[in-house]
Amino acid sequence: MRWIAKTNLCFKSIPAFSQRRIVVPECLRRYLTLSSCPPEWSQDAVFASLIDGSTHFSHLAGVHAKMTVLGLLENSFLITKLVHACSNLGDVRYARKLFDEFPLRDVFLWNAIVRGYSRHDMFADAIVMYSRMLCAGVMPDGFTFPYVLKACAALPTLVIGRRVHGQVFRHGLESDVFVQNGVVALYTRCGDTASARMLFDRLGERTVVTWTSLISGYCQNGQPVVALELFHKMREDDIYPDWIVLVSVLRAYSDIEDLEQGKSLHGCIIKMGLEDEPDLLISLTSMYAKGGQVTVARTFFDRMEKPCLILWNAMISGYARSGHGEEAVELFRNLVSLNVRPDSITVSSAVLACALVGLLELARWMDAFVCQSDYSEDTIVNTALIDMYSKCGSIQLAREVFERTENKDVVMWSAMIGGYGIHGKGQEAIELYRAMKKAGVHPNDVTFIGLLTACNHSGLLKDGWHLFHHMRDYGIEPRHQHYSCVVDLLGRAGYLREAYSFILKMPIDPGVSVWGALLSACKTHRDVGLGEHAAIQLFSLDPNNIGHYVQLSNLYASLRQWDEVAKIRVLVKERGLSKDISYSSIEVNGKLETFRVGDNSHSRFDEIFEELERIEGRLKESGFVNDAESLTHDLIDEEKDRVLCSHSERLAISYGLISTPPGATLRITKNLRACVSCHAATKFISKLVCREIVVRDANRFHHFKDGVCSCGDYW
DNA sequence: ATAGGGTTAG
């Protein structure tokens, strides 16, 4: 008894100690070595404390051994506690062993084992144990269902979940808040927000958890606006938000791209004193990064001494999603060098970032990384790789990834089809589509966007038209993108009137993309009347987008209507817009060099300019004439030549020619669409210098070889 | 003992 007194620990203080979850102290461990318990002690209470105070599985094993010696294994209360503690400390198998060895199981013991499996994501086992419990004739209670429902929510279908929901009624638990929260979460997690909403509306009692389930459900099913409405209703109901519901609300603001509202919520979070909640910090990081405020996001990231993987992922994907590909790749390299193990989300975000950067050499590095990682078979990662390679200019390497992946889903097929699309390989895209159907994979709306784009870029009017009408056979309702593809298709081919009447017959409001497609077609075919009509729609729908003004101005310029061009320039100035600066980048030795129009800042400018002049001279010799239609100013011919020759694309080509070995492919990326004159010149140059030149413009890829372009002058 | 959240591909 003396050792107890010495440590100032009397029996009364044991429960307090167990609640604080302190490591089993030495004194209690010594107790385990005694052969019997002092008679005035309650053995049960001491062992309960020992179990609760264990912080390592080895402690529990010791306690279990002692219980065996003392013959305490008949006590269902203690066994339940042991099972519970074992699963908490990570050894569900040991918990199951204890469970199996104890034949007289009450509802508490059953709950403990179901909970153990559910908490460790072993959902099938949780459901199996639940059904065995029913077979054993034990009545589930209000604690059983939350665990079981959580397991059901993780299954891909609602079949079992619905059955369990029925059993909730049979056991009279339809007014238990915890159980009902589980049911609401079940339906939202399985994507059935309608059922979840119906249940929610009928509930008598709702806690912040109930609201959170539904709000996050709407977020995950692409209805952030509804999620936000619900959040405001929740506030009207005087439910005080906690940090978990705010996670979903931040995501909703991020999804509707309303950074201002997000910022003001951030202010509230600071006032509520929740800013240091690590998991809320992840949401804030993600929101700011996706919203383009990468510097702010980065300060959150840097604030953490040891960021968790999800924070890494949020930062990397945030960089990528806001167009900061290089920063994303750099951060991914940081992670790798710190020996942090990436998961499939990290890797797919990094692959997405590489697609954005566009360097083929970087793409190959990323591919090699994936191949030696745990994710070489991962469908999502490989889909990202296919997209990456096609955006980095190599449709062949994209196809290799496609071929080597075993499990192809619709998304992967669609990515490959879309890849052929932006490379102007319409026939290949259609062939692949046939193969996909043959493989028993059903197309979705994205598949058709890829197909229609492919038809567009290859001028396959009939095929595109046919495919568009084919969508309905699959029950797919066309979206804006599909309609704009068709308008593009008709418009490029010169069927401007048909395109316009097609727009008038659309069942949904034609948006920016549809009118944009029409305007662009009017520019190609120099139809001022219809072009102006399209432009007026665009100016009211999307007044701050400089691109529409440039398009209309170019249309006027192509018809030499300089007065109109000047009017547009005034309009642009009035609205305070400025023209996007055009630039081209070229990949040399795995590095990007960027040029703007008339750029003379490069260290090798003299050599570049010399090469440029040499090339222009040879072009003229072979009869090439610069087409001035893409200029918006009324210049004399000589000036036009000078401006066109110093277009960023030509500077990039010249630099490529002097800094790579003869015959090497040149890979160029432009931020805007290819201009008519440079496109024609590049075709000539490819033949003149016997080089393949790959140009990625804002829309698609052009492969120049032997004087022709893969786009067939159709872009 | 219970339920809710954050990061990926077209």
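Side chains included, hydrogens not; waters and symmetry mates left out as well; all remaining heavy atoms used. A note on names: the letters A, B, ... follow the listed sequences, proteins ahead of strands, and every chain is numbered from 1.
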Phosphate oxygens OP1/OP2 of [N]: is one of them under 4.0 Å from a side-chain N or O of [X]?
X      : N      : value
A:Q481 : B:dG10 : no
A:R321 : B:dT7  : no
A:S216 : B:dG5  : yes
A:R251 : B:dT7  : yes
A:R189 : B:dG5  : yes
A:K290 : B:dT7  : yes

Nucleotide nearest [X] (side chain, heavy atoms from C-beta), chosen from [options]:
X      : options              : result
A:D343 : B:dT7, B:dA3, B:dG4  : B:dT7
A:I380 : B:dA9, B:dG5, B:dA1  : B:dA9
A:P146 : B:dG4, B:dG10, B:dA3 : B:dA3
A:S317 : B:dA1, B:dG6, B:dT7  : B:dT7
A:Q220 : B:dG5, B:dT7, B:dA1  : B:dG5
A:Y147 : B:dG5, B:dG10, B:dA3 : B:dA3
A:T383 : B:dA3, B:dG10, B:dA1 : B:dG10
A:F143 : B:dG4, B:dA1, B:dA9  : B:dA1
A:S344 : B:dG5, B:dA1, B:dT8  : B:dT8
A:F108 : B:dA1, B:dG10, B:dT8 : B:dA1

Inter-residue atom distance A:L230.CG - A:Q223.CD, 0.5 Å rounding: 11.0 Å

I need the [atom1]-[atom2] distance between [X] and [N], as an integer number of Å.
X      : N     : atom1 : atom2 : answer
A:F145 : B:dA1 : CZ    : P     : 21 Å
A:N313 : B:dA9 : CG    : P     : 11 Å
A:D409 : B:dA9 : CG    : C1'   : 9 Å
A:L186 : B:dT2 : CG    : P     : 20 Å
A:F200 : B:dG4 : CZ    : C1'   : 12 Å
A:I51  : B:dA1 : CD1   : P     : 12 Å
A:I239 : B:dA3 : CD1   : P     : 19 Å
A:D387 : B:dT8 : CG    : C1'   : 13 Å

Please work out if [X] contacts a base, only the sugar-phosphate, or nothing of the nucleic acid, heavy-atom cut-off 4.0 Å.
X      : answer
A:N382 : nothing
A:V184 : nothing
A:L281 : nothing
A:G450 : nothing
A:W312 : nothing

Take A:D367 and A:R404 through the test salt bridge (charged side-chain N to carboxylate O under 4.0 Å, His left out) and record every step on the way to the result. CA-CA 12 Å; A:D367 186 10; A:R404 77 176 183 223; 2.9 Å; yes

Run the salt bridge (charged side-chain N to carboxylate O under 4.0 Å, His left out) test on A:K391 and A:D387 for me, step by step, so that the C-alpha distance in whole Å, both residues' side-chain angles and the decisive distance to 0.1 Å come before the verdict. CA-CA 6 Å; A:K391 285 185 178 152; A:D387 185 50; 3.1 Å; yes

With a 4.5 Å cut-off on side-chain heavy atoms, are A:L246 and A:L274 touching? yes

Kindly say whether, by distance alone, the side chain of A:D242 makes a donor-acceptor pair under 3.5 Å with the base of B:dG4? yes

Has the side chain of A:N181 got a donor or acceptor that lies under 3.5 Å from a partner of the other kind on the base of B:dG4?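 By the distance-only test, no, there is no pair.
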
Given the ring of [Y], does [X] sit roughly above its face, with NZ or CZ under 6.0 Å from the centre of the six-membered ring and within 45° of the axis?
X      : Y      : answer
A:R105 : A:F99  : yes
A:R333 : A:W365 : yes
A:K150 : A:F123 : no

